[in-house]
Amino acid sequence: MKVLYAHHPEDFKKYGTEKIREEFMMETVFSPDQVELTYSHVDRIIYGGAMPVGQALTLDAGKELAAEYFLERREMGVINIGGPGRITLDQEVYTLGTKDGIYIGRGTKDISFESEDAANPAKFYINSCPAHKKLPTVKVGLDQAIKRPLGQDSSMNKRTIHQLIHPDVLESCQLSMGVTVLEEGSGWNTMPSHTHERRMEVYFYFDMEEDTRVFHLMGQPDETRHIVVKNEQAVLSPSWSIHSGAGTSNYTFIWGMCGENQDFDDMDHVPMKDLR
């Protein structure tokens, strides 16, 4: 598990390309028969992926959590972006199809991931954050999510936000997750941009062609930077940073948030004239 420490925005202004990528980007989220995780000190989020191919994969706490088991003090959200797969939670089996999600409550001890077909393996994308109480585990299909169509063709940002782990869908302690799908011909997301001081966010980009790239914008509004992202890579976004993207083609991304406020519309909007 890679550990990332928090960053002051004034220090961030001095970072070059490689330093930004090292500190904020997860280059490899999925590796065959591996669990790849990043632990950030920004709101203590853990994010990454489990890709079982030839064997089941278990989720262990590791020394970083100083816990008996992974969800001893945490909650977790999982969204499958690959082929059909199964998650076993304390001997109860849940089947997840493509873009199905599940909220897993604090106190779940044994967690394992499997694919139904090794030739078309599941890819379980994971977000986890501290939890103050135990809540029920709930599976949420994409068809059960709250759908919020946004944008328009003329501004190249026509997209649909699917809210899977959200207060209007199920109860969580602080975690929120969802899937945003851009339509063909659109490439911009979250522009005009915003920040939200009361929670951080991680973006995971996928459903991209081999040569498609997203220019993920971050930094304070008056001094922005960018990271060039390819398929199945993730970017950490602290609360002080904008998080917008422009792609060479349409794409899909999972957003995950944790912090002290779950109100999705709690945003500090940035006027276009203030972006630099």
Side-chain angles (χ1 to χ4, degrees), residues 1-9 11-31 36-49 77-79 81 123-129 157 159 161 175-182 187-197 199-210 212-221 223-259 267-268 270 275:
M1 189 185 301
K2 181 179 180 180
V3 177
L4 297 175
Y5 293 94
H7 308 83
H8 194 284
D11 295 332
F12 174 74
K13 293 177 181 180
K14 304 180 181 71
Y15 292 177
T17 298
E18 290 307 315
K19 181 67 171 176
I20 292 174
R21 294 177 72 89
E22 178 185 348
E23 296 291 332
F24 295 92
M25 183 175 180
M26 189 170 184
E27 298 261 4
T28 302
V29 175
F30 292 111
S31 298
E36 304 277 0
L37 295 175
T38 295
Y39 180 114
S40 171
H41 282 231
V42 179
D43 285 314
R44 301 285 171 173
I45 192 168
I46 294 175
Y47 54 99
V78 179
I79 297 175
I81 70 159
K123 294 180 177 180
F124 298 102
Y125 179 67
I126 297 165
N127 280 181
S128 173
C129 58
N157 66 347
R159 63 201 189 278
I161 297 174
L175 180 65
S176 298
M177 288 182 76
V179 180
T180 297
V181 182
L182 275 74
W188 276 103
N189 79 76
T190 325
M191 183 63 72
S193 62
H194 62 262
T195 61
H196 25 69
E197 284 290 336
R199 60 182 186 266
M200 56 77 64
E201 193 159 5
V202 176
Y203 270 32
F204 169 69
Y205 293 93
F206 69 108
D207 275 359
M208 295 162 56
E209 297 296 332
E210 179 64 28
T212 298
R213 294 293 183 271
V214 173
F215 287 72
H216 177 95
L217 303 178
M218 62 180 303
Q220 291 181 296
E223 192 160 343
T224 58
R225 302 288 188 271
H226 73 268
I227 298 179
V228 180
V229 182
K230 66 180 182 180
N231 191 43
E232 297 184 2
Q233 293 183 322
V235 180
L236 174 72
S237 179
S239 59
W240 45 262
S241 176
I242 67 168
H243 37 278
S244 299
T248 58
S249 183
N250 59 313
Y251 51 92
T252 302
F253 63 92
I254 295 172
W255 44 267
M257 296 184 285
C258 62
M267 305 173 187
D268 300 313
V270 178
L275 284 175

What closest approach, in Å, do [X] and [Y] show between heavy atoms, and which atom pair accounts for it?
X	Y	value
L182	W188	CD2-O, 3.5 Å
K230	M208	C-CE, 3.7 Å
T38	M26	OG1-SD, 3.3 Å
D43	C258	OD2-O, 3.4 Å
D268	H196	OD2-CA, 4.1 Å
T195	S239	CB-O, 3.6 Å

Distance check, rounded to the nearest 0.5 Å: [X] atom [atom1] versus [Y] atom [atom2]?
X	Y	atom1	atom2	answer
Q233	N231	CD	CG	8.5 Å
I81	F204	CD1	CZ	4.0 Å
F253	T180	CZ	OG1	3.5 Å
E23	L4	CD	CG	6.0 Å
N189	H216	CG	NE2	8.5 Å
L275	S193	CG	OG	4.0 Å

Who passes salt bridge (charged side-chain N to carboxylate O under 4.0 Å, His left out) against [X], sequence neighbours left out?
X	result
K2	none
E209	none
D207	K99

For this session: Please list all pairs passing the salt bridge (charged side-chain N to carboxylate O under 4.0 Å, His left out) test where one or both residues lie in residues 231-256, with sequence neighbours left out.
Result: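 Counting only pairs at least two positions apart or across chains, the salt bridge (charged side-chain N to carboxylate O under 4.0 Å, His left out) contacts touching residues 231-256 are K123-E232.
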
For this session: Please lay out, stage by stage, how N250 and R159 fare under the test side chain to side chain contact (heavy atoms under 4.5 Å, CB included).
Result: CA-CA 9 Å; N250 59 313; R159 63 201 189 278; over 6 Å; no

Judged by atom type as modelled, is there a donor-acceptor pair below 3.5 Å linking the side chain of [X] to the main-chain atoms of [Y]?
X	Y	answer
E201	M257	no
R21	V228	yes
N127	G77	no

Exercise. Among all residues two or more places apart in sequence or in another chain, which pass the side chain to side chain donor-acceptor pair (under 3.5 Å) test with S244?
Worked result: none

With [X] via ring-ring contact (aromatic ring centres under 6.0 Å, His included) - residues at least two apart:
X	result
Y251	Y205
F12	Y15, F24, W240
H226	F215

Contacts of [X] that satisfy side-chain contact (heavy atoms from CB on, under 4.5 Å) - sequence neighbours left out:
X	value
K13	E10, Q220, E223, R225
S31	T28, Q34, E36
S241	M218, S237, P238
V42	A6, S40, M200, L236

For this session: Check step by step if side chain to side chain contact (heavy atoms under 4.5 Å, CB included) holds for Y125 and M177.
Result: CA-CA 11 Å; Y125 179 67; M177 288 182 76; 4.1 Å; yes

